[in-house]
Chemist: 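Below is a structure I'd like to ask you about.
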Amino acid sequence: MAQAEQTLHEVLEAFDFGAPVVRAIRYGCGHINDTFVVHTQPEDRCCRRFILQRMSSAAFKRPDQLMDNIIGVTEFLGREIEKHGGSRSREAIEVIRPRNGEPYYTDSQGGAWRLYPFVEGTVCHQAADTPELFAASGRAFGRFQRMLADYPADTLYETIPHFHDTEDRLAKFKAAVAADKLGRVKECQPEIDFVLAREKDCSVALNALRAGKLPLRVTHNDTKLNNVLMDETTGEGICIIDLDTVMPGLVLYDFGDSIRFGANHSAEDETDLSKVNLDVDLFSAYTAAFLEGTGGSLSNTEIEYLPWGAKLMTLECGMRFLTDHLEGDTYFHISREGQNLDRCRTQFKLVADMEKHWNELETIVKQYQK
Ligand code: ADP
Ligand code: GN1
Ligand code: MG
């Protein structure tokens with residue numbers, strides 16, 4: 001048996017699925033963790049599914065702290081959902097412990113694995129085909145933000161230090177350019193120049209935070225469309241997943257990352273940049289829905305900075321893709337060579353588009369100031 005297969009076998013044995021496992025196959029489009037869907041066959045019922053994940057060791061140095069955060073947040077959300085008459089098992093993910101009672105299982109090769117029930121009757125979208133769908137995701141992420149308003153932020157570990165510290169991301173990017181480990185700098189000069197022309201932008205949100213203009217809240221920090229499960233019948237956003245980066249942050253990170261990924265009609269790694277364009281109508285639909293979800297809890301200054309959230313998350317993500325490309329693709333999963341550079345290029349095209357439409361974006365968010 002190959003090592004990978006042997007490890008998966010060991011891990012499947014470590015959990016009690018309540019019925020024989022029929023198969024375990026790779027699943028989803030996440031860039032970070034190794035995700036499998038596990039099918040079981042109970043005798044008297046139809047197949048039950050689970051999500052089994054090996055947490056990325058490149059991204060997460062302390063799986064114990066990561067799982068501590070996730071258990072704390074999912075239990076808190078579960079209580080909030082029940083308080084408001086919702087269904088805990090459908091609207092919040094739930095950690096299933098391995099047989100040894102720990103929050104996760106460490107395999108003999110050192111990999112850290114966790115298990116969740118598969119949330120059935122939901123769909124995970126990779127693109128926002130309609131404004132309604134995108135708005136539904138915005139309402140769900142807005143609600144998520146409001147539900148966590150009273151979560152004790154000081155109990156959260158920083159699972160990835162400086163995650164949305166755009167100044168730090170810029171410094172790491174410059175270090176990767178200087179090191180030029182794989183000799184790839186020569187093929188990325190236009191992208192490098194694009195970042196260097198926007199160095200000052202990297203400090204805009206952090207300056208506002210340091211000046212006390214924007215508050216820290218408990219934020220998700222990775223609000224792409226494929227991190228919310230939508231009801232397959234009603235299309236509403238049901239369950240927010242991928243809670244690995246729930247940490248104190250600015251609300252504009254959550255707003256901005258959704259816009260980055262969803263307010264356009266192309267794949268994140270599209271190679272034909274003429275197809276990559278910011279859709280201002282999608283931006284507008286998301287803004288209305290996100291602010292509906294947050295239930296009026298944001299200050300006028302937070303609302304004013306939302307376009308900056310969109311631009312900064314997109315610029316930062318492009319920088320991260322480029323950094324990873326220069327360093328040899330050790331962080332984001334790739335399925336072909338050059339994919340991180342292609343991802344970087346789509347992000348920078350979107351940043352340029354946001355700059356072109358800046359006045360419109362500001363006018364859209366202004367309507368919601370009190
Ligand atoms: P990554 O950090 O690698 O993005 P995610 O936690 O987002 O990992 O999981 C990857 C994909 O697996 C998701 O985009 C979604 O399609 C699917 N998924 C994750 N958790 C569940 C769940 N509990 N129920 C159904 N699908 C899930
Ligand atoms: C990663 O985990 P996933 O695939 O939902 C990354 C995000 C990036 C995103 C780009 C923990 O998200 O920060 O914005 O890829 N997650 C982590 O698609 O680094
Ligand atoms: Mg994900």
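We count ligands from 1, going down the list as the structure has it; atoms in each ligand are counted the same way.
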Chemist: Give every residue pair that meets the side chain to side chain donor-acceptor pair (under 3.5 Å) criterion with at least one member in residues 149-166, sequence neighbours excluded.
Modeler: H162-D165, H164-E316, T166-E316

Chemist: Between R62 and D68, is there a side-chain N and carboxylate O pair less than 4.0 Å apart?
Modeler: no

Chemist: Taking non-hydrogen atoms only, is R260 closer than 4.0 angstrom to ligand 2 via side chain, backbone, both or neither?
Modeler: side chain

Chemist: Could you report the tightest heavy-atom contact between W113 and L52, atom names first, then the distance?
Modeler: CE3-CG, 3.8 Å

Chemist: Considering the Mg ion (ligand 3), could you give the total of protein N/O/S atoms lying closer than 2.8 Å?
Modeler: 2

Chemist: Would you please test D242 and I32 for side chain to side chain contact (heavy atoms under 4.5 Å, CB included) and show each step?
Modeler: CA-CA 10 Å; D242 205 345; I32 302 298; over 6 Å; no

Chemist: From L306 CG over to E362 CD, what is the distance, rounded to the nearest 0.5 angstrom?
Modeler: 11.0 Å

Chemist: May I ask you to say whether E91 pairs ionically with R143, meaning some side-chain N is under 4.0 Å from a carboxylate O?
Modeler: no

Chemist: Among all protein non-hydrogen atoms, which one is nearest to atom 12 (O) of ligand 2, and what is the separation to 0.1 Å?
Modeler: D222 OD2, 3.1 Å

Chemist: In terms of side-chain heavy atoms, does N69 have a donor or acceptor partner in Q65 at a distance below 3.5 Å?
Modeler: no

Chemist: How does K224 reach ligand 2, if at all, at less than 4.0 Å between non-hydrogen atoms: by side chain, backbone, both, or neither?
Modeler: side chain

Chemist: Tell me which part of F163 gets within contact of ligand 2: side chain, backbone, both or neither, using heavy atoms under 4.0 Å.
Modeler: side chain

Chemist: Is the closest side-chain donor-acceptor distance between Y105 and E10 under 3.5 Å?
Modeler: yes

Chemist: Measure the distance from atom 13 (O) of ligand 2 to every protein heavy atom, then report the residue, atom name and distance (to 0.1 Å) of the closest one.
Modeler: R320 NH1, 2.8 Å

Chemist: Do we see a donor-acceptor contact under 3.5 Å between the side chains of N264 and S266?
Modeler: yes

Chemist: Number the atoms of ligand 2 from 1 as they appear, then name those within less than 4.0 Å of a heavy atom of T245, with their elements.
Modeler: 11 (C)

Chemist: Could you tell me whether D324 and R343 have a side-chain N and a carboxylate O separated by less than 4.0 Å?
Modeler: no

Chemist: Of all the non-hydrogen atoms in the protein, which one sits nearest to atom 4 (O) of ligand 2, and at what distance?
Modeler: H31 N, 2.8 Å

Chemist: Report the residues that fulfil side-chain hydrogen bond (donor to acceptor under 3.5 Å, both in side chains) with R169, sequence neighbours left out, ordered by chain and then residue number.
Modeler: none

Chemist: Relative to the heavy atoms of C317, which atoms of ligand 2 are at a distance of less than 4.0 Å?
Modeler: 10 (C), 14 (O)

Chemist: May I ask you to decide whether D342 forms a salt bridge with R336, counting only side-chain N to carboxylate O separations under 4.0 Å?
Modeler: yes

Chemist: Check this for me, if you would: do K349 and E270 make a salt bridge, where the nitrogen-to-carboxylate-oxygen distance has to be below 4.0 angstrom?
Modeler: no

Chemist: Suppose I only count heavy atoms of G30 and a 4.0 Å limit; which atoms of ligand 2 are within that range?
Modeler: 4 (O)

Chemist: Taking D257 as the fixed residue, which of L252, T223, N221 is the one that meets the side chain to side chain contact (heavy atoms under 4.5 Å, CB included) rule?
Modeler: T223

Chemist: Is the ring pair F134/Y286 parallel, tilted or perpendicular, if the boundaries are 30 and 60 degrees?
Modeler: tilted

Chemist: Using distance alone, decide if ligand 2 has a nitrogen or oxygen within less than 3.5 Å of any nitrogen or oxygen in D242.
Modeler: yes

Chemist: Answer side chain, backbone, both or neither: which part of N227 comes under 4.0 Å from ligand 2, heavy atoms only.
Modeler: side chain

Chemist: With a heavy-atom distance limit of 4.0 Å, tell me whether F321 approaches ligand 2 through its side chain, its backbone, both, or neither.
Modeler: side chain

Chemist: Please evaluate residues H31 and E268 with respect to the criterion side chain to side chain contact (heavy atoms under 4.5 Å, CB included), reporting the C-alpha separation (whole Å), side-chain torsions for both, the decisive distance (0.1 Å), and the verdict.
Modeler: CA-CA 11 Å; H31 293 340; E268 206 179 38; 2.7 Å; yes

Chemist: Show which atoms of ligand 2 fall inside a sub-4.0 Å distance from at least one heavy-atom site of E268.
Modeler: 10 (C), 18 (O)

Chemist: Just need the protein heavy atom nearest to atom 1 (C) of ligand 2, so name the residue and atom and give the distance.
Modeler: I32 CG1, 3.6 Å

Chemist: Enumerate the atoms of ligand 2 whose separation from the nearest heavy atom of Y331 is less than 4.0 angstrom.
Modeler: 11 (C), 17 (C), 19 (O)

Chemist: So, 4.0 Å and heavy atoms of D244: is ligand 2 close enough to count as a contact?
Modeler: no

Chemist: Going by distance only, is there an N or O of N226 that falls short of 3.5 Å from an N or O of ligand 2?
Modeler: no

Chemist: With a 4.0 Å cut-off, would you call R139 and E236 a salt bridge?
Modeler: yes

Chemist: Using a strict cut-off of under 4.0 Å between a residue heavy atom and any atom of ligand 1, list the qualifying protein residues by chain and number.
Modeler: Y27, G30, H31, I32, N33, T35, I51, Q53, I93, P117, F118, V119, C124, N226, N227, L229, I241, D242

